[in-house]
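Please read all numbers here as calculations on a predicted model, not as lab measurements.
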Amino acid sequence: VHAFLSSPSSNQMAMDALSLELPKPVAKLGARMGNCRDIARTIIEFFASNCSPRDMLCILCEALDTPVALNGSAYLVILLDGLASTLILIQRRHIEQVKVVLPAILRVMHANLSECDEEHGMSAVDLFSAALRIGNAIQEMCKTMVNHRKEELCSILGLYALQNIALVSSESKHQNIQSTCGSVVLQYSKLLMFCGFTYLGLLTGNDVTSATTKLSKEEDDNFLDCFSFAMDGASLVGLKIFPITPLSLLFRSCLVTFLSSLTVVWTSMHDDMSKYAGAEFESALKEVQDNCIRKWEAINMFRYVLSSVNYSWAIKSHSLDLLLTLVDDKCSEETNDHVDFPCSTQIFAILKAIERVMIAAPDTLMRKKAFSALKRVISVVPSTQRFDILQALIENSMFPSLTAILLDLVKNEVLRESRRADQVNGSDRSQDSGESPPWASQVLELVELILRPPEGGPPCLRDHSEEVLSALNLLRLILIIDSRGSRSAKMLRDEKIRAVYSEWLLPLRSVVTGIQSELEKDGGDDENQMACLLNPVQLVLHRCIELVEEKMKGL
């Protein structure tokens, strides 16, 4: 075939006819026989150079959609190289042609990555490298364009680079791919910088917002769907109290936060990328740390990486490191409630994503890191929203141990608010209005949720001893604070204190007494373990009963 195409007897009509039929079988044979791959590439590049580039784009995209059972990734690499050669030759309507080609490329790449897993990852590197050559071809197109057309094509190229970084990241669950794809990700990052993206814009997601805005015309909706690998918004679905984000807005939000965050994570975890980013990345981190709004934009971008099952624990660990850097110990716990902060849904979503790591991470250090991140993010939530967020987390918690941890955080917030109120009242007695704190009713609702569950009856101590103990500790703190406050500023009014005594504490005491009697009869290892869980509950319960009875004497 190559000899015929190169011979003087070949003519344009013959080449045009052969170009319709040969790319697929040539690429298949080249993929199956390694010693044929170079000549297969040569033949397809010959067609690209001597036939209509627009026709060749259609022919090669159709060939991409042909399933190949054996060496499918090698088949795709040959065709992608042909597409890269063809794109450079396009003379008119560059953007329209790119919008036809990229969805086909990303679709087949996503579909064929599972085969790359079986081949130990090296074919994945070849595939991502071939996709990079497509990006390089589009970059050459950009250099020939001007004004808004260049800006639009650069936006497309930037999103394409980000989408490929997301695909690389999804394969980095395999250590060999993670170690070998770093150089490929670096080259995609250089494409981003060429397109005008900055590390500050990637940290906050603003650059991707700008890129998608330029492509938000109605005719571009189907084109933007090719970047749907970022569509991982499951953490927003099915929550009890916050409204569900409309699908179109959810897609835009996912795209902005998800793709940007992966680029930033790779920059922090790969030495070559860190060196390339250099001072610019450090400066971007510093600027985000010092700006409250940008800090929240950056915090929000990590939620999809942390909650998605597509990414390795190594990437999630580096995401937590970056999150802890953005919200470091120097960050003030007091935030400006007058500044425009993210809506409660966004804050709730990032905290739920961190919770998933706390629950599922395979090693203790990473779970501790996730807990530190959870506490720091909560500490910078505006005080007007903090108790609402904690209440939502507890009401949506399905794990007693996690509920206990969240109740302990609520207790810390109550203690902090109490100290702040004492300082205010100590400096200005006129501030004591005699009203209960605004968070008091929420905290009591949370205690009641645990000690008097909605399904009725006292809690099951065998399954929920940790959260019951945390709820009792929280109630004890409220009772102690209440006993120290002014008579006109009680959190527990007469009716409420009687309900706490008769409906929360006494039924729980009966349960504890009953379990204790059973343990004394049975003995055994399981019973001893239950006794160890029951003892602290019993101690705090008796103390709460004592405090309530003291208050009831004065009623």
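Using a distance-only test at 3.5 Å, with no hydrogens or angles considered, a donor-acceptor pair links the side chain of Asp207 to the main chain of Thr198. Side-chain N or O atoms of Ser483 include one that pairs as donor or acceptor with a backbone N or O of Ile480 at under 3.5 Å. A distance-only check finds no donor-acceptor pair linking the side chain of Ser308 to the backbone of Tyr311 [under 3.5 Å]. Checked by atom type and distance alone, the side chain of Asn206 never pairs as donor or acceptor with a backbone atom of Leu202 at under 3.5 Å. With Arg386 contributing its side chain and Val381 its backbone, the two residues share a donor-acceptor pair below 3.5 Å. Looking only at distances, a side-chain donor or acceptor of Arg376 sits under 3.5 Å from a matching main-chain atom of Val327. Checking side-chain atoms of Ser283 against main-chain N and O of Ala279 turns up no donor-acceptor pair under 3.5 Å. Using modelled atom types, one side-chain atom of Asn396 and one backbone atom of Ala392 make a donor-acceptor pair closer than 3.5 Å. Under the 3.5 Å distance criterion, the side-chain polar atoms of Thr212 are matched with a main-chain donor or acceptor of Thr209. For Ser397 (side chain) and Leu393 (main-chain N/O), no donor-acceptor pair under 3.5 Å exists by modelled atom type.
Residues Leu390 and Glu413 are in side-chain contact: their nearest non-hydrogen atoms beyond the backbone lie under 4.5 Å apart. Proximity of Asn412 to Arg416: side-chain heavy atoms (C-beta onward) are nowhere separated by under 4.5 Å. At least one side-chain heavy atom of Trp296 sits under 4.5 Å from a side-chain heavy atom of Val377. A 4.5 Å side-chain heavy-atom check between Lys411 and Leu407 finds every atom pair outside the cut-off. Between Ser465 and Leu534 the shortest side-chain heavy-atom distance does not fall below 4.5 Å. Looking at Gln346 and Ile350, their side chains never come closer than 4.5 Å, going by heavy atoms from C-beta outward. Between Pro458 and Leu451, every side-chain heavy-atom pair lies at or beyond the 4.5 Å cut-off. Side-chain contact between Leu406 and Glu467 is absent, with no heavy atoms from C-beta onward closer than 4.5 Å.
In terms of heavy atoms, Ser470 sits closest to Asp408 at OG-OD1, 3.3 Å. Between Ser319 and Phe302, the shortest heavy-atom distance links the atoms CB-CD2, 3.9 Å. Across Gln289 and Thr325, no two heavy atoms sit closer than the pair NE2-O, 2.5 Å. In this structure, Ala370 and Ile354 approach most closely via the heavy-atom pair O-CG2, 3.1 Å. The two residues Pro507 and Ser502 come nearest to each other via the heavy atoms CD-O, 3.3 Å. Taking each heavy atom of Met301 and Leu203 in turn, the nearest pair found is SD-O, 2.6 Å.
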Test log, rule side chain to side chain contact (heavy atoms under 4.5 Å, CB included), inputs Ile347 and Ile378
CA-CA 9 Å; Ile347 299 173; Ile378 288 175; over 6 Å; no
Just do the side chain to side chain contact (heavy atoms under 4.5 Å, CB included) check on Lys316 and Trp313 with the steps written out, would you?
CA-CA 5 Å; Lys316 293 183 180 183; Trp313 290 114; 3.8 Å; yes
Intermediate values then yes/no, salt bridge (charged side-chain N to carboxylate O under 4.0 Å, His left out), Arg462 and Glu518
CA-CA 12 Å; Arg462 291 187 179 273; Glu518 293 177 7; 3.5 Å; yes
Give the C-alpha distance, both sets of side-chain angles, the deciding distance and a yes or no for salt bridge (charged side-chain N to carboxylate O under 4.0 Å, His left out) between Lys496 and Glu503.
CA-CA 10 Å; Lys496 191 65 177 179; Glu503 298 176 10; over 6 Å; no
Quick one, Glu355 with Leu402, criterion side chain to side chain contact (heavy atoms under 4.5 Å, CB included). Give me CA distance, side-chain angles, the key distance, then yes/no.
CA-CA 8 Å; Glu355 275 187 7; Leu402 178 60; 3.4 Å; yes
Could you go step by step and tell me if Tyr188 and Leu162 meet the side chain to side chain contact (heavy atoms under 4.5 Å, CB included) rule?
CA-CA 8 Å; Tyr188 280 119; Leu162 286 169; over 6 Å; no
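Using a 4.0 Å cut-off between a side-chain N of Lys or Arg and a carboxylate O of Asp or Glu, Glu297 and Arg294 do not qualify as a salt bridge. Residues Arg420 and Glu417 are paired through a salt bridge, judged by an N-O separation under 4.0 Å between the basic side chain and the carboxylate. Under 4.0 Å is where a charged nitrogen must lie from a carboxylate oxygen, and between Asp363 and Arg367 no such pair does. Looking at Lys295 and Glu287, no side-chain N of the basic residue comes within less than 4.0 Å of a carboxylate O on the acidic one, giving no salt bridge. A salt bridge is defined here as a Lys NZ or Arg NE, NH1 or NH2 lying under 4.0 Å from an Asp or Glu carboxylate O, and Lys369 with Asp321 meets this definition.
In this structure, a donor-acceptor pair under 3.5 Å is absent between the side chains of Lys352 and Ser307.
Between Asn164 atom CG and Leu159 atom CG the span is 11.5 Å, to the nearest 0.5 Å. Note that CD of Glu550 is 11.0 Å distant from CD1 of Ile497, once rounded to the nearest 0.5 Å. Expressed to the nearest 0.5 Å, how far CG of Leu106 lies from NE2 of His110 amounts to 10.0 Å. Note: Cys544 SG to Arg509 CZ = 12.5 Å, rounded to the nearest 0.5 Å. Separating the CG atom in Leu323 from the CZ atom in Arg303 is a distance of 13.0 Å, to the nearest 0.5 Å. Atom CD1 of Ile481 is separated from atom CG of Leu415 by 6.0 Å, given to the nearest 0.5 angstrom.
Here the rule is side-chain contact (heavy atoms from CB on, under 4.5 Å) with Leu477, and of Val414, Val410, Leu472 only Val414 fits it.
Taking the six-membered ring where the residue is Trp, Phe387 and Trp439 present parallel rings, their angle staying beneath 30° rather than reaching 60°.
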